[in-house]
Undergrad: 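This structure is in C-alpha coordinates; I'll ask about it shortly.
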Amino acid sequence: MREALIGSLHHALTAAHPARLTTPHLPDEPPALILAVGKAALPMLQAALARFPGTPYLAVPKAGAALPALPPGGEVLPGAHPVPDGRSLEAARRVLQAVARLRPEQLLLVLISGGGSALLCAPWGVDLATQQALTQALLRSGADIQEINALRKHLSQVKGGRLAAATRARVWALYLSDVPGDDLSVIASGPTVPDPSTYAEALAVLERYGLEFPAVRAHLEQGLRGELPETPKPGDPLFTRVENRLIGSNLTLLQAARAYWQERGYPTVILSDRFQGEARELARFHAALVESIRASGEPFRPPVVLLSGGEASVRVRGTGRGGRNQEFLGWLGHYLGERGVWALAADSDGIDGNTEAAGALLSPDTWVRAHRFGLDLKAHLEQNDTHHFFRALGDLLITGETQSNLNDFRALLVE
(Lines give C-alpha, C1' and ligand atoms only; values in the text may rest on other atoms or scores of the structure.)
Protein backbone atom coordinates (compact mmCIF):
# COMPACT_ATOMS: atom_id res chain seq x y z
CA MET A 1 0.00 0.00 0.00
CA ARG A 2 2.93 2.32 0.61
CA GLU A 3 3.86 2.07 -3.08
CA ALA A 4 0.27 2.72 -4.16
CA LEU A 5 0.05 5.89 -2.05
CA ILE A 6 3.30 7.23 -3.46
CA GLY A 7 2.20 6.17 -6.95
CA SER A 8 -1.03 8.14 -6.62
CA LEU A 9 0.91 11.34 -5.87
CA HIS A 10 3.32 10.85 -8.76
CA HIS A 11 0.46 10.01 -11.14
CA ALA A 12 -1.35 13.18 -10.11
CA LEU A 13 1.77 15.33 -10.53
CA THR A 14 2.33 13.91 -14.02
CA ALA A 15 -1.29 14.40 -15.08
CA ALA A 16 -1.23 17.99 -13.75
CA HIS A 17 2.23 18.87 -15.09
CA PRO A 18 2.53 22.65 -15.53
CA ALA A 19 3.53 22.44 -19.20
CA ARG A 20 0.55 20.18 -19.95
CA LEU A 21 -1.82 22.61 -18.25
CA THR A 22 -0.30 25.68 -19.93
CA THR A 23 -0.35 24.63 -23.59
CA PRO A 24 -4.14 24.67 -24.23
CA HIS A 25 -4.50 28.20 -22.87
CA LEU A 26 -1.79 30.03 -24.77
CA PRO A 27 -2.95 32.98 -26.89
CA ASP A 28 -3.19 32.82 -30.68
CA GLU A 29 -1.19 36.03 -31.04
CA PRO A 30 2.59 35.84 -30.58
CA PRO A 31 3.61 37.87 -27.52
CA ALA A 32 6.34 40.50 -27.50
CA LEU A 33 7.64 39.18 -24.17
CA ILE A 34 7.02 36.09 -22.04
CA LEU A 35 7.29 36.56 -18.28
CA ALA A 36 7.19 33.41 -16.13
CA VAL A 37 7.18 33.72 -12.32
CA GLY A 38 6.81 31.07 -9.62
CA LYS A 39 7.82 27.55 -8.70
CA ALA A 40 6.40 26.25 -11.99
CA ALA A 41 7.93 29.09 -14.05
CA LEU A 42 10.33 26.94 -16.07
CA PRO A 43 7.95 24.21 -17.34
CA MET A 44 5.31 26.85 -18.08
CA LEU A 45 7.92 28.85 -19.99
CA GLN A 46 8.99 25.78 -21.97
CA ALA A 47 5.40 25.22 -23.08
CA ALA A 48 5.13 28.84 -24.22
CA LEU A 49 8.46 28.79 -26.07
CA ALA A 50 7.44 25.61 -27.89
CA ARG A 51 4.46 27.54 -29.26
CA PHE A 52 6.31 30.84 -29.77
CA PRO A 53 9.97 30.05 -30.56
CA GLY A 54 12.31 33.02 -30.61
CA THR A 55 10.19 35.15 -28.29
CA PRO A 56 12.14 37.16 -25.69
CA TYR A 57 11.54 35.93 -22.15
CA LEU A 58 12.25 36.52 -18.48
CA ALA A 59 11.84 33.68 -15.98
CA VAL A 60 11.84 34.03 -12.19
CA PRO A 61 11.97 30.52 -10.69
CA LYS A 62 13.01 29.48 -7.21
CA ALA A 63 16.78 29.62 -6.78
CA GLY A 64 18.25 26.14 -6.99
CA ALA A 65 15.66 24.82 -9.44
CA ALA A 66 17.12 22.58 -12.12
CA LEU A 67 17.53 24.67 -15.25
CA PRO A 68 16.38 23.07 -18.51
CA ALA A 69 18.05 23.83 -21.83
CA LEU A 70 16.52 27.13 -22.88
CA PRO A 71 17.08 28.98 -26.15
CA PRO A 72 18.96 32.28 -26.32
CA GLY A 73 17.00 35.48 -26.25
CA GLY A 74 15.96 35.51 -22.63
CA GLU A 75 17.13 35.44 -19.03
CA VAL A 76 16.52 33.34 -15.95
CA LEU A 77 16.53 35.44 -12.78
CA PRO A 78 16.15 33.12 -9.77
CA GLY A 79 14.64 34.47 -6.57
CA ALA A 80 14.49 33.24 -2.99
CA HIS A 81 11.60 31.40 -1.34
CA PRO A 82 9.82 31.51 1.08
CA VAL A 83 11.68 34.58 2.34
CA PRO A 84 12.75 37.06 -0.37
CA ASP A 85 16.34 38.23 -0.67
CA GLY A 86 18.41 40.52 -2.86
CA ARG A 87 17.94 38.24 -5.86
CA SER A 88 14.17 38.63 -5.53
CA LEU A 89 14.62 42.42 -5.58
CA GLU A 90 16.87 42.32 -8.62
CA ALA A 91 14.43 40.08 -10.48
CA ALA A 92 11.58 42.49 -9.78
CA ARG A 93 13.67 45.47 -10.88
CA ARG A 94 14.53 43.82 -14.19
CA VAL A 95 10.94 42.73 -14.76
CA LEU A 96 9.55 46.21 -14.12
CA GLN A 97 12.09 47.70 -16.54
CA ALA A 98 11.23 45.16 -19.25
CA VAL A 99 7.45 45.50 -19.08
CA ALA A 100 7.68 49.32 -18.98
CA ARG A 101 9.37 49.26 -22.42
CA LEU A 102 6.46 47.47 -24.11
CA ARG A 103 4.11 49.44 -26.37
CA PRO A 104 0.29 49.51 -26.19
CA GLU A 105 -0.11 47.42 -29.36
CA GLN A 106 2.11 44.63 -28.01
CA LEU A 107 1.12 41.58 -25.98
CA LEU A 108 2.75 40.53 -22.70
CA LEU A 109 2.30 36.86 -21.85
CA VAL A 110 2.50 36.33 -18.08
CA LEU A 111 2.78 32.82 -16.58
CA ILE A 112 2.17 32.79 -12.83
CA SER A 113 2.44 30.01 -10.27
CA GLY A 114 2.64 29.82 -6.50
CA GLY A 115 5.73 31.12 -4.78
CA GLY A 116 5.77 34.26 -6.88
CA SER A 117 5.11 36.52 -3.89
CA ALA A 118 8.59 35.85 -2.50
CA LEU A 119 10.38 35.31 -5.80
CA LEU A 120 9.34 38.67 -7.27
CA CYS A 121 9.76 41.25 -4.53
CA ALA A 122 9.75 45.02 -4.93
CA PRO A 123 9.25 46.48 -1.45
CA TRP A 124 7.30 49.72 -1.14
CA GLY A 125 7.40 51.78 2.03
CA VAL A 126 9.68 49.34 3.87
CA ASP A 127 13.18 48.00 3.32
CA LEU A 128 14.14 44.42 2.46
CA ALA A 129 15.19 43.54 6.01
CA THR A 130 11.76 44.53 7.31
CA GLN A 131 10.05 42.60 4.52
CA GLN A 132 12.10 39.51 5.38
CA ALA A 133 11.36 39.73 9.11
CA LEU A 134 7.65 40.27 8.44
CA THR A 135 7.51 37.26 6.12
CA GLN A 136 9.18 35.03 8.71
CA ALA A 137 6.82 36.24 11.44
CA LEU A 138 3.76 35.65 9.29
CA LEU A 139 4.87 32.14 8.36
CA ARG A 140 5.24 31.26 12.05
CA SER A 141 2.03 32.98 13.15
CA GLY A 142 -0.50 30.56 11.69
CA ALA A 143 -1.94 33.25 9.38
CA ASP A 144 -3.56 31.90 6.22
CA ILE A 145 -2.39 32.80 2.73
CA GLN A 146 -5.18 35.33 2.14
CA GLU A 147 -4.12 37.25 5.24
CA ILE A 148 -0.42 37.05 4.39
CA ASN A 149 -0.95 38.29 0.86
CA ALA A 150 -3.25 41.15 1.90
CA LEU A 151 -0.23 42.52 3.73
CA ARG A 152 2.24 41.74 0.97
CA LYS A 153 0.14 43.51 -1.68
CA HIS A 154 0.15 46.77 0.25
CA LEU A 155 3.93 46.73 0.64
CA SER A 156 4.83 46.06 -3.00
CA GLN A 157 5.32 47.71 -6.37
CA VAL A 158 4.36 44.56 -8.31
CA LYS A 159 1.70 42.72 -6.31
CA GLY A 160 -2.03 43.34 -6.21
CA GLY A 161 -2.38 44.30 -9.88
CA ARG A 162 0.54 46.69 -9.88
CA LEU A 163 2.53 44.67 -12.45
CA ALA A 164 -0.31 45.16 -14.94
CA ALA A 165 -0.31 48.87 -14.11
CA ALA A 166 3.44 49.05 -14.79
CA THR A 167 3.08 48.26 -18.51
CA ARG A 168 1.20 49.83 -21.41
CA ALA A 169 0.97 46.49 -23.22
CA ARG A 170 -2.02 44.19 -23.35
CA VAL A 171 -1.64 41.35 -20.86
CA TRP A 172 -2.53 37.66 -21.23
CA ALA A 173 -1.95 36.02 -17.84
CA LEU A 174 -2.24 32.30 -17.01
CA TYR A 175 -2.40 31.23 -13.36
CA LEU A 176 -1.72 27.90 -11.68
CA SER A 177 -3.38 28.02 -8.27
CA ASP A 178 -1.73 27.07 -4.99
CA VAL A 179 -4.40 28.70 -2.81
CA PRO A 180 -7.67 27.30 -1.44
CA GLY A 181 -10.57 28.66 -3.45
CA ASP A 182 -8.37 29.57 -6.44
CA ASP A 183 -8.75 33.33 -5.99
CA LEU A 184 -6.49 34.78 -8.69
CA SER A 185 -5.89 37.90 -6.60
CA VAL A 186 -4.18 35.73 -3.96
CA ILE A 187 -2.03 33.49 -6.20
CA ALA A 188 1.49 34.99 -6.07
CA SER A 189 -0.34 38.05 -4.67
CA GLY A 190 -2.12 38.60 -8.00
CA PRO A 191 0.36 40.80 -9.92
CA THR A 192 -2.05 41.26 -12.87
CA VAL A 193 -5.35 40.91 -11.00
CA PRO A 194 -7.65 43.52 -9.40
CA ASP A 195 -7.12 43.57 -5.64
CA PRO A 196 -10.20 43.70 -3.40
CA SER A 197 -8.15 43.91 -0.18
CA THR A 198 -7.48 47.22 1.56
CA TYR A 199 -5.00 48.96 3.84
CA ALA A 200 -7.49 48.48 6.67
CA GLU A 201 -7.53 44.71 6.12
CA ALA A 202 -3.74 44.61 6.01
CA LEU A 203 -3.55 46.48 9.31
CA ALA A 204 -6.09 44.09 10.81
CA VAL A 205 -3.73 41.18 10.08
CA LEU A 206 -0.99 42.83 12.14
CA GLU A 207 -3.45 43.28 15.00
CA ARG A 208 -4.87 39.76 14.77
CA TYR A 209 -1.49 38.08 15.16
CA GLY A 210 0.08 40.58 17.53
CA LEU A 211 2.78 41.71 15.08
CA GLU A 212 4.40 45.06 15.87
CA PHE A 213 6.63 46.13 12.92
CA PRO A 214 6.40 49.93 13.40
CA ALA A 215 7.63 50.76 9.87
CA VAL A 216 5.02 48.46 8.30
CA ARG A 217 2.30 49.89 10.52
CA ALA A 218 3.29 53.48 9.68
CA HIS A 219 3.17 52.76 5.93
CA LEU A 220 -0.24 51.08 6.16
CA GLU A 221 -1.64 53.89 8.31
CA GLN A 222 -0.47 56.39 5.68
CA GLY A 223 -2.43 54.43 3.11
CA LEU A 224 -5.46 54.26 5.37
CA ARG A 225 -5.43 58.07 5.64
CA GLY A 226 -5.47 58.31 1.83
CA GLU A 227 -1.90 59.59 1.58
CA LEU A 228 -0.83 56.61 -0.55
CA PRO A 229 -2.63 55.11 -3.55
CA GLU A 230 -4.55 51.88 -3.06
CA THR A 231 -3.88 48.80 -5.16
CA PRO A 232 -5.87 48.75 -8.45
CA LYS A 233 -9.42 47.62 -7.67
CA PRO A 234 -12.08 45.69 -9.59
CA GLY A 235 -13.54 47.97 -12.23
CA ASP A 236 -10.30 49.89 -12.79
CA PRO A 237 -10.08 50.71 -16.56
CA LEU A 238 -6.54 49.29 -16.75
CA PHE A 239 -7.99 45.75 -16.58
CA THR A 240 -9.84 46.18 -19.88
CA ARG A 241 -6.52 45.28 -21.51
CA VAL A 242 -5.83 42.32 -19.19
CA GLU A 243 -7.00 38.72 -19.64
CA ASN A 244 -6.50 36.58 -16.51
CA ARG A 245 -7.16 32.83 -16.64
CA LEU A 246 -7.02 29.99 -14.13
CA ILE A 247 -5.52 26.95 -15.87
CA GLY A 248 -4.93 24.45 -13.05
CA SER A 249 -5.50 24.00 -9.34
CA ASN A 250 -5.43 21.66 -6.38
CA LEU A 251 -8.69 20.14 -7.65
CA THR A 252 -6.90 19.21 -10.89
CA LEU A 253 -4.37 17.28 -8.80
CA LEU A 254 -7.01 15.53 -6.68
CA GLN A 255 -9.12 14.55 -9.68
CA ALA A 256 -6.09 12.89 -11.28
CA ALA A 257 -5.43 10.98 -8.04
CA ARG A 258 -9.07 9.88 -7.89
CA ALA A 259 -8.76 8.41 -11.39
CA TYR A 260 -5.63 6.54 -10.26
CA TRP A 261 -7.39 4.89 -7.31
CA GLN A 262 -10.59 4.15 -9.22
CA GLU A 263 -8.62 2.37 -11.93
CA ARG A 264 -7.33 0.09 -9.15
CA GLY A 265 -10.81 -0.68 -7.91
CA TYR A 266 -10.96 1.58 -4.84
CA PRO A 267 -14.02 3.71 -4.16
CA THR A 268 -12.60 7.22 -3.85
CA VAL A 269 -13.98 10.47 -2.49
CA ILE A 270 -12.59 13.99 -2.79
CA LEU A 271 -13.52 15.56 0.55
CA SER A 272 -12.49 19.08 -0.44
CA ASP A 273 -9.76 21.01 -2.23
CA ARG A 274 -10.29 23.99 0.08
CA PHE A 275 -9.35 22.88 3.59
CA GLN A 276 -7.61 25.56 5.62
CA GLY A 277 -6.77 25.99 9.27
CA GLU A 278 -4.28 24.49 11.69
CA ALA A 279 -2.84 21.14 10.64
CA ARG A 280 -3.74 19.64 14.02
CA GLU A 281 -7.41 20.59 13.61
CA LEU A 282 -7.54 19.18 10.08
CA ALA A 283 -6.02 16.00 11.46
CA ARG A 284 -8.66 15.89 14.20
CA PHE A 285 -11.43 16.17 11.57
CA HIS A 286 -9.92 13.44 9.39
CA ALA A 287 -9.43 11.14 12.40
CA ALA A 288 -13.06 11.59 13.44
CA LEU A 289 -14.18 10.79 9.91
CA VAL A 290 -12.04 7.64 9.83
CA GLU A 291 -13.55 6.49 13.13
CA SER A 292 -17.09 7.15 11.89
CA ILE A 293 -16.51 5.18 8.69
CA ARG A 294 -15.11 2.26 10.65
CA ALA A 295 -17.86 2.29 13.28
CA SER A 296 -20.96 2.81 11.16
CA GLY A 297 -20.06 2.94 7.49
CA GLU A 298 -21.12 6.58 7.47
CA PRO A 299 -20.77 8.76 5.51
CA PHE A 300 -18.85 6.26 3.35
CA ARG A 301 -18.61 2.48 3.46
CA PRO A 302 -15.11 1.03 3.74
CA PRO A 303 -12.89 0.38 1.98
CA VAL A 304 -12.63 3.95 0.69
CA VAL A 305 -9.84 6.31 -0.27
CA LEU A 306 -10.27 9.82 1.10
CA LEU A 307 -8.53 12.60 -0.82
CA SER A 308 -8.23 16.17 0.35
CA GLY A 309 -6.26 19.30 -0.39
CA GLY A 310 -6.15 22.99 0.42
CA GLU A 311 -3.47 24.51 2.61
CA ALA A 312 -2.98 23.84 6.29
CA SER A 313 -1.13 26.21 8.58
CA VAL A 314 1.02 25.65 11.65
CA ARG A 315 1.40 27.96 14.61
CA VAL A 316 5.01 27.27 15.51
CA ARG A 317 5.58 26.95 19.24
CA GLY A 318 8.58 24.61 19.33
CA THR A 319 12.09 24.57 17.92
CA GLY A 320 11.95 21.41 15.81
CA ARG A 321 11.78 20.78 12.09
CA GLY A 322 8.73 19.91 10.04
CA GLY A 323 6.04 21.26 7.77
CA ARG A 324 2.29 21.41 7.63
CA ASN A 325 1.95 17.99 5.97
CA GLN A 326 4.26 16.20 8.38
CA GLU A 327 2.46 18.01 11.21
CA PHE A 328 -0.92 16.84 9.85
CA LEU A 329 0.20 13.21 9.75
CA GLY A 330 1.74 13.42 13.21
CA TRP A 331 -1.51 14.66 14.72
CA LEU A 332 -3.52 12.12 12.68
CA GLY A 333 -1.34 9.38 14.14
CA HIS A 334 -1.80 10.84 17.61
CA TYR A 335 -5.60 11.00 17.38
CA LEU A 336 -6.00 7.51 15.88
CA GLY A 337 -3.44 5.88 18.18
CA GLU A 338 -3.05 2.14 17.70
CA ARG A 339 -5.90 2.06 15.17
CA GLY A 340 -3.91 3.88 12.51
CA VAL A 341 -4.45 4.05 8.77
CA TRP A 342 -2.44 4.11 5.59
CA ALA A 343 -2.04 7.80 4.72
CA LEU A 344 0.19 10.16 2.76
CA ALA A 345 0.40 13.93 3.06
CA ALA A 346 2.70 16.03 0.92
CA ASP A 347 3.25 19.46 -0.53
CA SER A 348 2.96 19.23 -4.29
CA ASP A 349 6.06 21.39 -4.77
CA GLY A 350 8.20 18.73 -3.08
CA ILE A 351 9.23 20.82 -0.06
CA ASP A 352 7.28 20.73 3.18
CA GLY A 353 8.11 23.49 5.65
CA ASN A 354 11.74 23.84 6.70
CA THR A 355 12.74 20.35 5.55
CA GLU A 356 13.97 18.54 2.46
CA ALA A 357 10.93 16.22 2.49
CA ALA A 358 7.74 16.64 0.49
CA GLY A 359 5.83 15.11 3.39
CA ALA A 360 5.55 11.70 4.99
CA LEU A 361 3.59 8.46 5.21
CA LEU A 362 1.56 6.99 8.04
CA SER A 363 0.88 3.27 8.33
CA PRO A 364 -1.48 1.23 10.53
CA ASP A 365 1.50 0.20 12.67
CA THR A 366 3.14 3.63 13.03
CA TRP A 367 2.12 3.86 16.70
CA VAL A 368 3.48 0.38 17.47
CA ARG A 369 6.77 1.00 15.65
CA ALA A 370 7.20 4.36 17.39
CA HIS A 371 6.96 2.68 20.79
CA ARG A 372 9.38 0.00 19.67
CA PHE A 373 11.94 2.68 18.78
CA GLY A 374 11.28 4.65 21.96
CA LEU A 375 9.74 7.61 20.10
CA ASP A 376 7.29 9.86 21.91
CA LEU A 377 5.02 11.25 19.20
CA LYS A 378 3.31 13.80 21.47
CA ALA A 379 6.67 15.21 22.56
CA HIS A 380 7.70 15.62 18.91
CA LEU A 381 4.39 17.36 18.15
CA GLU A 382 4.81 19.77 21.05
CA GLN A 383 8.19 20.79 19.62
CA ASN A 384 6.91 20.99 16.02
CA ASP A 385 9.47 18.27 15.33
CA THR A 386 7.56 15.74 13.23
CA HIS A 387 10.39 15.63 10.71
CA HIS A 388 12.70 13.81 13.09
CA PHE A 389 9.87 11.50 14.18
CA PHE A 390 9.12 10.34 10.63
CA ARG A 391 12.79 10.21 9.70
CA ALA A 392 13.49 7.85 12.60
CA LEU A 393 10.75 5.54 11.28
CA GLY A 394 11.97 5.73 7.68
CA ASP A 395 8.63 7.25 6.65
CA LEU A 396 9.66 10.57 5.13
CA LEU A 397 8.59 11.15 1.53
CA ILE A 398 11.47 12.58 -0.49
CA THR A 399 10.61 13.64 -4.04
CA GLY A 400 12.93 16.57 -4.63
CA GLU A 401 11.48 19.83 -5.91
CA THR A 402 8.79 19.02 -8.46
CA GLN A 403 8.63 22.42 -10.25
CA SER A 404 4.90 22.22 -9.66
CA ASN A 405 2.88 23.99 -6.98
CA LEU A 406 -0.75 22.96 -6.64
CA ASN A 407 -0.97 22.98 -2.85
CA ASP A 408 -1.33 20.12 -0.36
CA PHE A 409 -2.10 16.51 -1.25
CA ARG A 410 -3.58 14.09 1.28
CA ALA A 411 -4.67 10.49 0.69
CA LEU A 412 -6.06 8.13 3.37
CA LEU A 413 -7.13 4.51 2.85
CA VAL A 414 -9.82 3.44 5.32
CA GLU A 415 -10.41 -0.29 5.44
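We're numbering straight along the sequence, starting at 1.
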Undergrad: Salt bridge or not between R170 and E29? Use side-chain N to carboxylate O under 4.0 Å.
TA: yes
Undergrad: Is a donor from one side chain sitting under 3.5 angstrom from an acceptor on the other, for S313 and Q276?
TA: no
Undergrad: With sequence neighbours left out, write down each residue that passes salt bridge (charged side-chain N to carboxylate O under 4.0 Å, His left out) with R258, or none if nothing qualifies.
TA: none
Undergrad: Other residues, nucleotides and ligands only: do more than 12 of their heavy atoms fall within 6.0 Å of CZ on R2?
TA: yes
Undergrad: Between E90 and R93, does any side-chain N to carboxylate O distance fall below 4.0 Å?
TA: yes
Undergrad: Just checking, any donor-acceptor pair under 3.5 angstrom between side chains of D352 and N325?
TA: yes
Undergrad: Report, as yes or no, whether the 6.0 Å neighbourhood of atom CZ on R245 holds more than 12 heavy atoms from other residues, nucleotides or ligands.
TA: yes
Undergrad: Salt bridge between E207 and R217, side-chain N to carboxylate O under 4.0 Å?
TA: yes
Undergrad: Between Y335 and H286, is the ring-ring contact (aromatic ring centres under 6.0 Å, His included) condition met? List the steps.
TA: CA-CA 9 Å; Y335 291 132; H286 282 74; over 10 Å; no
Undergrad: Salt bridge between D195 and K233, side-chain N to carboxylate O under 4.0 Å?
TA: yes
Undergrad: May I ask you to say whether R94 pairs ionically with E75, meaning some side-chain N is under 4.0 Å from a carboxylate O?
TA: yes
Undergrad: Do Q326 and T355 pair up side chain to side chain, a donor and an acceptor below 3.5 Å, judged on atom types alone?
TA: yes
Undergrad: Assess the side chains of Y199 and Q222: does a donor N or O sit below 3.5 Å from an acceptor N or O?
TA: no
Undergrad: When you check the gap from the basic side-chain N to the acidic O, do E356 and R321 get nearer than 4.0 Å?
TA: yes
Undergrad: Is the shortest distance from a Lys or Arg side-chain nitrogen in R225 or E227 to a carboxylate oxygen in the other one below 4.0 Å?
TA: yes
Undergrad: Under a plain distance cut-off of 3.5 Å, with no hydrogens placed, do N405 and S113 share a side-chain donor-acceptor pair?
TA: no
Undergrad: Side chains of E327 and N384: donor-acceptor distance under 3.5 Å anywhere?
TA: yes
Undergrad: Going by an N to O cut-off under 4.0 Å, is there a salt bridge joining R324 and D408?
TA: yes
Undergrad: Testing the 3.5 Å rule here: is there a donor-acceptor pair between the side chains of R152 and S189?
TA: no
Undergrad: Can you see whether S363 engages R369 through a side-chain donor-acceptor pair at a distance of less than 3.5 angstrom?
TA: yes
Undergrad: Classify the side-chain pair H17/Q403 by whether it contains a donor and acceptor separated by less than 3.5 Å.
TA: no
